[in-house]
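Keep in mind that this is a model prediction, so the values were computed, not measured.
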Amino acid sequence: MDAAVKQPFSGLLSDHVRKAPASLENRPSREAAEAAVRTLIAYLGDNPAREGLRATPKRVIAAFDELYRGYREIPADTLTRTFGETEPYDDFVLIRDIGFTSHCEHHMMPFHGKAHVAYRPVERVVGLSKLARLVDVYARRLQTQEQFTSQVAAAIDEVLKPHGVAVLIEAEHTCMSIRGVAKPGVSTVTTRFLGTFRDSAEDQVRFVTLVRGAADEH
């Protein structure tokens, strides 16, 4: 396989693929964010000034910077370095069991699980870790699982321009498992098929069979 080559973007890319989300013009300061955490602590009925909670606002905002770093990252950048010399390989490439944690945009509670991503390359392939990195960029934002699934598939399709893309995401949502109906262990599964995967039931079956084979091994 040849050395990695950084490919320029070509064609039209969706906004969510080509750039990071735009910040609000009047985005609150870090100090204001920490003050908001103190307000929430007081709302819960505790005293934000007591010893055990004094540093909590700083810790919470630092954790938010890490958990939501996807707002500062550009998805397309993860897919620009590709490799050639893939002949005579003409089947799809599958990366399965990509672990992730995201946060639901309705309750800001975590949902976590695994993403399985496949694509059928045209001439060049992307580094395997880059697909996992792409999943992480979108996961590190407030999300719905449906949107998350579609965004990962769209980014691969628009940047790499492969023959086809398949994405399957399975996750447990804590907004369902530890609140509300409180049903732990329930999985939500979403899929997105593009190109040859959308047009070929055989490719869809092979993809799902390989993904489920991984589950059976565990």
Side-chain angles (χ1 to χ4, degrees), residues 14-17 19-78 96-117 129 131-155 167-192 215 218:
S14 300
D15 284 349
H16 71 82
V17 176
K19 61 183 181 180
S23 295
L24 294 174
E25 290 183 9
N26 58 342
R27 181 185 178 190
S29 66
R30 193 177 194 87
E31 292 74 18
E34 291 176 6
V37 176
R38 284 191 287 274
T39 298
L40 288 173
I41 292 171
Y43 172 77
L44 295 175
D46 213 325
N47 178 9
R50 72 174 173 84
E51 183 178 359
L53 291 174
R54 286 175 196 160
T56 296
K58 288 184 180 295
R59 295 190 189 104
V60 169
I61 299 308
F64 270 32
D65 285 342
E66 179 181 354
L67 293 172
Y68 297 106
R69 66 172 183 253
Y71 283 107
R72 304 187 300 276
E73 298 175 327
I74 300 173
D77 285 349
T78 67
R96 64 189 191 185
D97 294 334
I98 303 170
F100 72 89
T101 297
S102 189
H103 287 77
C104 120
E105 65 181 36
H106 300 140
H107 302 95
M108 291 186 70
M109 295 184 69
F111 66 95
H112 55 89
K114 294 179 179 179
H116 313 278
V117 178
S129 66
L131 294 173
R133 181 75 185 114
L134 176 69
V135 169
D136 202 39
V137 170
Y138 282 118
R140 299 284 183 152
R141 301 175 183 180
L142 292 174
Q143 283 286 14
T144 65
Q145 186 174 329
E146 297 87 347
Q147 175 177 267
F148 179 29
T149 306
S150 294
Q151 287 177 335
V152 171
V167 178
L168 186 152
I169 292 178
E170 48 192 345
E172 179 172 340
H173 293 247
T174 59
C175 59
M176 179 180 178
S177 64
I178 65 174
R179 62 161 296 280
V181 296
K183 299 297 182 185
V186 175
S187 292
T188 299
V189 178
T190 49
T191 60
R192 180 68 167 161
H218 300 137

For Arg50, enumerate each residue passing the side-chain hydrogen bond (donor to acceptor under 3.5 Å, both in side chains) test, keeping only those at least two apart in sequence or located in another chain.
-> Asp46
Heavy atoms only: give me the nearest Leu142-Cys104 pair and the separation to one decimal.
-> CD2-O, 4.0 Å
Once you round to the nearest 0.5 Å, how far does CD of Glu31 lie from CD1 of Ile61?
-> 10.5 Å
Quick check: does any side chain N or O of Ser102 sit under 3.5 Å from a backbone N or O of Arg141, one acting as donor and the other as acceptor?
-> yes
Check step by step if side-chain contact (heavy atoms from CB on, under 4.5 Å) holds for His173 and Gln145.
-> CA-CA 9 Å; His173 293 247; Gln145 186 174 329; 2.8 Å; yes
Check: Ala32 main-chain N/O paired with Ser29 side-chain donor or acceptor under 3.5 Å | yes
What is the distance from atom NZ of Lys58 to atom CZ of Arg30, rounded to the nearest 0.5 Å?
-> 7.5 Å
Given Val152 and Val117, is the side-chain contact (heavy atoms from CB on, under 4.5 Å) satisfied, shown in steps?
-> CA-CA 9 Å; Val152 171; Val117 178; 4.3 Å; yes
Roughly how far apart are Glu51 CD and Leu53 CG, rounded to 0.5 Å?
-> 10.0 Å
Kindly say whether Tyr138 contributes a backbone atom to a donor-acceptor pair with the side chain of Gln143 at under 3.5 angstrom?
-> yes
Which atom of Arg54 lies closest to which atom of Pro57, heavy atoms considered | O-CD, 3.6 Å
Please find out if less than 6.0 Å separates the ring center of Phe148 from that of Phe100.
-> yes
Show your reasoning for whether side-chain contact (heavy atoms from CB on, under 4.5 Å) applies to Thr191 and Thr149.
-> CA-CA 7 Å; Thr191 60; Thr149 306; 5.6 Å; no
Enter the distance from Ser187:OG to Lys114:NZ here, rounded to the nearest 0.5 Å.
-> 10.5 Å
Taking all non-hydrogen atoms of both residues, which atom of Thr174 and which atom of Pro110 are closest, and how far apart?
-> OG1-O, 2.6 Å
Which atom of Gly70 lies closest to which atom of Pro21, heavy atoms considered | O-CD, 4.2 Å
Taking Thr78 for the side chain and Ile74 for the main chain, is one N or O donor matched with an acceptor at less than 3.5 Å?
-> no
Mark yes or no for whether His116, through its side chain, and Asp97, through its backbone, hold a donor-acceptor pair below 3.5 Å.
-> yes
Closest non-hydrogen atoms of Met108 and Phe64, given as atom of the first, atom of the second and distance, are CE-CE2, 4.0 Å
List the steps and the verdict of side-chain contact (heavy atoms from CB on, under 4.5 Å) for Ile169 and Val189.
-> CA-CA 6 Å; Ile169 292 178; Val189 178; over 6 Å; no
With Lys19, which residues qualify under salt bridge (Lys or Arg N to Asp or Glu O under 4.0 Å), at least two apart?
-> none
By salt bridge (Lys or Arg N to Asp or Glu O under 4.0 Å) - contacts of Arg133 (at least two apart) | Glu73, Asp136
Where do Phe111 and Thr144 come nearest, in terms of heavy atoms and distance?
-> CZ-C, 4.4 Å
Short question: side chain of Arg192, backbone of Gln151 - any donor-acceptor pair under 3.5 Å?
-> no
